[in-house]
Structure formats: C-alpha cells, structure tokens
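Below is one structure, written out as structure tokens; comments come after it.
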Amino acid sequence: MIPSEMPANIPSLFIKRFIVLRSGHFAYDQTFKMGVNIIRGDNGTGKSTIMDMIYYALGAEVTEWTDEQKLCDETIIDVAINFKRFCLKREITDTGKAAMYFYSGDAETALSDSLNWHRYPSARSKEKHSFSQQLFELLNLPAHQTDDSKNLTMHQILRLIYVDQITPPTKLLNEDKKHDSPVTRRAIGEFLLGIDDLEAHNLRQAHISAVRKFEEIRSELKTIYRFVSSDTGVLKMSDVDAQISEYRRKIEILEEERAAIRDKQLASLDEKNRKKADSLKAEIIELAEAFTAMNEEISVKKVELIDIGNFLESLESRKKALEHSTLTEKELGELIFEYCPACLTPIAEHSNGDSCGLCKSDLSDGKRHVSYIRMVNEINFQIRESQHLIEHYEKDIERNEANIPAVTHRLASLRQAYNELVMNADTLDAAISDIGADIGFNKAQIANWNEKRKMIQQIDQLVEKKAGAQAEISRLENELERLDAAIEDRKISVASIIEQYANKFITSDGGYENVFEDPGEIFLDFAKDKMSVNGRSKFSASSMVIMKNAIRVAIFIASVLDRKVRLPRLMLMDNIEDKGMMAERSQNFQRLLVSECDLLTNDYQMIFTTSMIDPVLNKSEYVAGPFYKKGEHTLKIG
C-alpha cells in the first residue's frame, strides 16, 4: 500500500489501539496499523470475542456476551477519526446501550487523565448529543438535526463495516433482531454507498406514516358507512334534509288534524262511560308516548354505541402506546423536549435533575413507576367503564326491541276497546290518540335522521382528510420517483465498482462452484437483505461465505476508491473460513484479499481473523498480536 491521505471531509475511521479492562488491569491490549491487520489463532481462542468487543467499542449494541466478556468492565478504543485522534470508552452492560466517553487524544494520554473525558448517552437530549450524533459530526456524515427517528445510528453504520460469524451467510448486513426493517436496511446501503443523504430515507418514513394515517381514516369511514347507508347507497346530506323536512311536514298536518278534531269533539257519553273512556284514553296516550320513547332510545343508543366503540379503540391504542413509551424510556432513557409540544415555546431548563423539564413533576424512579401505574389504572378504569356502558346500552336496546311488540299489541287492544265504548262520537278521542302516536313516531324519525346528519357531516370531514392523506401519499411518491431518477446514475456508478471487484474475488475462488467461474451479474438488495450471483443466491454453505465476503470486500474497496462512498474505509471480518471452509480455499481468499488491498493508494484499514492463516502471511507484517494456540485465550482474565 502506498499511503495517500485523503481530504478530512471524506469519512475515515481507523483503529490505533484496542484495550479491554478488568478490575483496573488490561485483559487485552493490542495496537493496529493502517492497511491489513490479521488476528490469528486456533479455534476457541477468542478471536471472535475481540472482534465483537471492537464492534461494541465503536458504538454497536451487543446484548449477548460470553462468560469471559461479562467478567470485563469496559473497553477503550484509540481511533483516528478523519485523521484526528480520539479515545472512546464504554462500560460493558447487559443492555448494550451504555453511554460512550470521548477523550481528545491518544490512549497513552487518556489513560493518565481521568478528568477530561466527555460523556455522550446512547440517545440525544436537549443538553447533550448522543454518541452517534457526535461520531457522525466527527466523521462529517450528514444527519437530521432535530429528529432522531430520521437518523441512522452508529450501530446501523457498523452493520456494513463488521462481518461476523453469527449472521447467516445469506444476509447482506449484520443481523439485527431489534431495530431492523426494509426501510432501515435500504437506508444503510444507500447512505453508506453515497446514493442518498437520508432525504429518500426520510421521505420513505413519511410515506409509511401517510399510508398508516390513510388506512386509519378509511377504516373509520367504513364503520360509519354501515350506519348511514341505504338501499340506493350512501346517503347524502340533501337526502337527509329532505327526509327531515318531510317528517316535519307530516307533523304539521297531524297537528292541524288534531286541533280540528278537538273542536268537533262531542260530550255524548254518560258519566260512567266517560270516566272509563278517559281512563282508556290516558293509558293509550301513555303507551303511545312510551312507544315513541323506546324508538328514540333505540336510535340514540345505537349511535352512542358507535361513539363508545371508537373511544374504546382509542383507549386501547393509548394503553399500547404507553407500554411502548415505557419500554422506550427504559431502553433510551429520559425524553427531553426542547420546545413545548402545545405552543412551541422554548422550554426553560429546570435546575432539579429529578424533575420533568416539561411539567416540572417529580421524575425519580419511584415517582415514574407510580405515575405509570396511575396512568395504566386510569386507562383500564375507562376501558372497563366503556365496556360496561356497551353492555348496558346493548341490554337497553335488546329490552326495548323486545317490549315494542307487546306495547304495539296493547295499544291496538286499548284503541279497539275505546272505539267500541265511545262508538261514533267518541271515536274522535281515539282519533286524537292515534294522531298523537303518529306525531311521536315522526318526531322519533326526525331524531334518527338528525343523528345520521351528524354522521354525514363527520363523513364529509373524514373524506376531506382522506383526500388530504391520499394527496400527501401521492406527493411523497412523486418525490421518491424524482429522487430515484436523480440518483440512478450514481447507483450504476457505484454498482459497477462493486461488481468489478466482487467478480474478481469470486472468479479467483478456485473452481469450487461452476457459477463462480463466470459470475457475470452481481445483485444486491439492501431492503430485502439479499445478494445473488447470476440470479442465484443458494450455494453450499462455504460458497455462500465466499460470495458474501467477496461482495462485502468489494463494497469496502469501493469506499477507498470512490470519494462519494461514506463507509469510513474500515472493515472488520470475522468469518473468513466460516461454515466448513477448507484451509486451501480460505488461504486463497486471504492472499487475494491482501494483494488487492496492497494495490489501494488511499488510506484504509482491514482487520480480519483466521484460524487457517496462509503460512506466508503468518510471517508477514500484516499479523497483529501473537498466534493464539489451543488452550490460550485473547482475553487474559486470570
């Protein structure tokens, strides 16, 4: 390699020294140089242990530690970031989300200076960058300034820098079971290859949110449509107004008829029959009013059931969101607001560190737990009350619907008895009673149509929101299409470099796979986390390792050659002879890897492990540390 320092604005991250501390003593201490570094030793000596800890020291999340790693306290890694020296220190924790301490200077100075370390948490706050933010700034990598959700983290960047043994060889990126999605994987690939500066990533996330909002509105509309549909389709406001006007007109006519009948009413009954007739009339009126009331109650409570059902869904959603926020708070720590979410006024700092910066409430661990329990209990209480109301309303509707036939039958019997009693003249009272019942029925219909009117107004609002959501989806899709067209040339350019070098490694494998002799097209899909050679991705386990390593090395070489690639010219490989690789095949890959790296004229660093080192390389300047023999271990625990 002929060193040629590239401009500092092109990202570079090189490891100078790596230290693991246990009880104040060095369990591991190794220096690394620019270019190729080979950690070698027999199987079971802890080469992967060291590589995983380097991965963690640089900002990755590691939650599954070996017994030996758990015995250690912290890692210190001396790095050159864009050719400036820094030391990074992290405590070894079960969560893998420990803060990172930064020291400006080399390890020798940092180890003797305990005062000038600066702590950066895993998640940003108003007062402090996250360590990912800090590293991105030092690496001169673009990042969203105000929204962590629109950023990649150092952990995600390292998924393309480190090739481990745990991830299946079919996967393009290091496996991440906690923070993975097609959108994230695609963002990692496009960002590090210099295809996208997170603009497309942000648009895709916004598109997902817009689609989710659109589906929520459409679901709500479907619910309402079921209650305002007719034989001819969904009712319009003009239809509802016409129905209400018609029922009001009928009531006016009935009122006029009732007034006319009262004027003509005869007093021809004797006292005994008059009293009996009055009693029958009173009962008829009472039953007619009850009939009207039952119909009104059925209509109103059916509408109430819709509202309570929607409210219940919102409560369940709030409960789930509260559970998620609690888990997030446990993982990421306190969420700090810079501006009031209601009025956007800047929030003044609060001197008490155990108080909320927003509402100034006590945020000590005990208070947080009590607040969480109180909120959960309140939501559960409201859910139970809502469910109780639903049961109560359903019973009321069922009771009323069951009573209506009996009331109807009783009314008919009373009216017949009344008519027989009063014969001709006093049939006028019965007519008045019938008119009263008809008026009540028409009023109930008006109330029912007024409820439908409210729903149609709600539909109009939702339709407008739905159109807005659809317009936003279309806008975002158009923006994404524009970006895709703009970056197409860039995709082709970087893909050609990757394909060129991947083909070189694959064709030099030694004839173990027929397809590898003339590979042709190399295909990468970061979103699907897949890769293929000539459209084929399934080979023997060892051949898939060759394919994966060839492609990952080709991406690394592209980062050294292409000024627009953001991968910081560092690669860590811990799977050179994974999955039953034969020594001859592994050593062939090692020799080719070293020879291709030696041709690079820009600064870079490659660190890989092997238990089958090529004999010539074993005695070369490329090795880092001793050869660890069986029974020895990289970590000096004892």
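All heavy atoms count here, side chains included; hydrogens, waters and symmetry mates do not.
The pair Arg159-Glu175 does not meet the salt-bridge criterion, since no charged nitrogen lies less than 4.0 angstrom from a carboxylate oxygen. A salt bridge does not link Arg212 to Glu216: none of the charged nitrogens lies less than 4.0 Å from a carboxylate oxygen. Asp525 has no carboxylate O lying under 4.0 Å from a charged side-chain N of Lys530, or vice versa, which leaves the two without a salt bridge. Ion pair Arg218/Glu215 flagged as a salt bridge, since at least one NZ, NE, NH1 or NH2 atom sits closer than 4.0 Å to an Asp/Glu carboxylate oxygen. Note on Glu401 versus Lys301: no salt bridge recorded, every NZ/NE/NH1/NH2 to OD/OE distance being 4.0 Å or above. Between Arg475 and Glu472 there is a salt bridge, since at least one side-chain N of the basic residue sits less than 4.0 Å from a carboxylate O of the acidic one.
Within the 4.5 Å cutoff, the side chain of Arg566 has heavy atoms near those of the Phe191 side chain. Side chains of Ser122 and Phe131 form a contact here, defined as non-hydrogen atoms less than 4.5 Å apart. Here the side chains of Phe214 and Gln470 are in contact, with some heavy-atom distance below 4.5 Å.
Counting heavy-atom neighbours within 6.0 Å of Lys465 NZ, excluding the residue itself, gives a total of 12 or less. For Glu464, the CD atom sits in a loose shell: 12 or fewer heavy atoms of surrounding residues, nucleotides or ligands are nearer than 6.0 Å. Within 6.0 Å of CD in Gln387 there are more than 12 heavy atoms belonging to other residues, nucleotides or ligands.
Scanning all heavy atoms of the two residues, the minimum distance from Met154 to Ser132 falls at N-OG, 2.9 Å. Residues Lys466 and Ile217 approach most closely at CB-CG2, 3.7 Å, considering heavy atoms. Contact detail for Phe441 and Thr292: the closest heavy-atom pair is N-OG1, 3.9 Å. Nearest heavy atom pair, residue Asp180 against residue Asp176, reads CB-O, 3.0 Å. When all heavy atoms are compared, the tightest approach of Thr153 to Phe136 is C-CE1, 4.0 Å. Taking all atoms of both residues into account, the shortest heavy-atom contact from Leu193 to Val494 is O-CG2, 4.1 Å.
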Notebook entry, point to check: Are Glu283 and Arg410 close enough, and set up right, to give a salt bridge (Lys or Arg N to Asp or Glu O under 4.0 Å), and what steps lead you there?
Noted result: CA-CA 10 Å; Glu283 189 174 355; Arg410 178 62 178 163; 2.9 Å; yes
Note to self: salt bridge (Lys or Arg N to Asp or Glu O under 4.0 Å) for Glu391 and Lys395? Distances and angles first, verdict last.
What the structure shows: CA-CA 6 Å; Glu391 293 175 3; Lys395 287 179 180 178; 5.3 Å; no
Next item on the list: Run the numbers on Ile157 and Ile188 for side-chain contact (heavy atoms from CB on, under 4.5 Å), then give the verdict.
Entry: CA-CA 7 Å; Ile157 298 299; Ile188 293 170; 5.7 Å; no
Notebook entry, point to check: How far apart are the C-alpha atoms of Ile446 and Ile251, what are their side-chain angles, what is the distance that settles it, and do they pass the side-chain contact (heavy atoms from CB on, under 4.5 Å) test?
Noted result: CA-CA 10 Å; Ile446 289 174; Ile251 290 174; 3.7 Å; yes
Item checked: side-chain contact (heavy atoms from CB on, under 4.5 Å) between Glu477 and Ile473, intermediate numbers included -> CA-CA 6 Å; Glu477 288 174 348; Ile473 290 170; 3.5 Å; yes
Margin query: Determine whether Glu246 and Arg249 satisfy the following criterion, salt bridge (Lys or Arg N to Asp or Glu O under 4.0 Å), listing intermediate values before the conclusion.
Written below: CA-CA 5 Å; Glu246 177 63 20; Arg249 188 185 66 80; 2.7 Å; yes
Next item on the list: Could you check Thr63 against Thr95 for side-chain contact (heavy atoms from CB on, under 4.5 Å), going step by step and ending with a plain yes or no?
Entry: CA-CA 6 Å; Thr63 56; Thr95 65; 5.8 Å; no
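Defined by atom type and a distance below 3.5 Å, a donor-acceptor pair is present between the side-chain atoms of Glu137 and His129. Side chains of Ser317 and Ser314: no donor on one and acceptor on the other come within 3.5 Å.
Of the possible donor and acceptor atoms, none in the side chain of Asn174 sits under 3.5 Å from a partner among the backbone N and O of Leu160. Without hydrogens or angle criteria, Arg185 side chain to Ala527 main chain gives a donor-acceptor distance under 3.5 Å.
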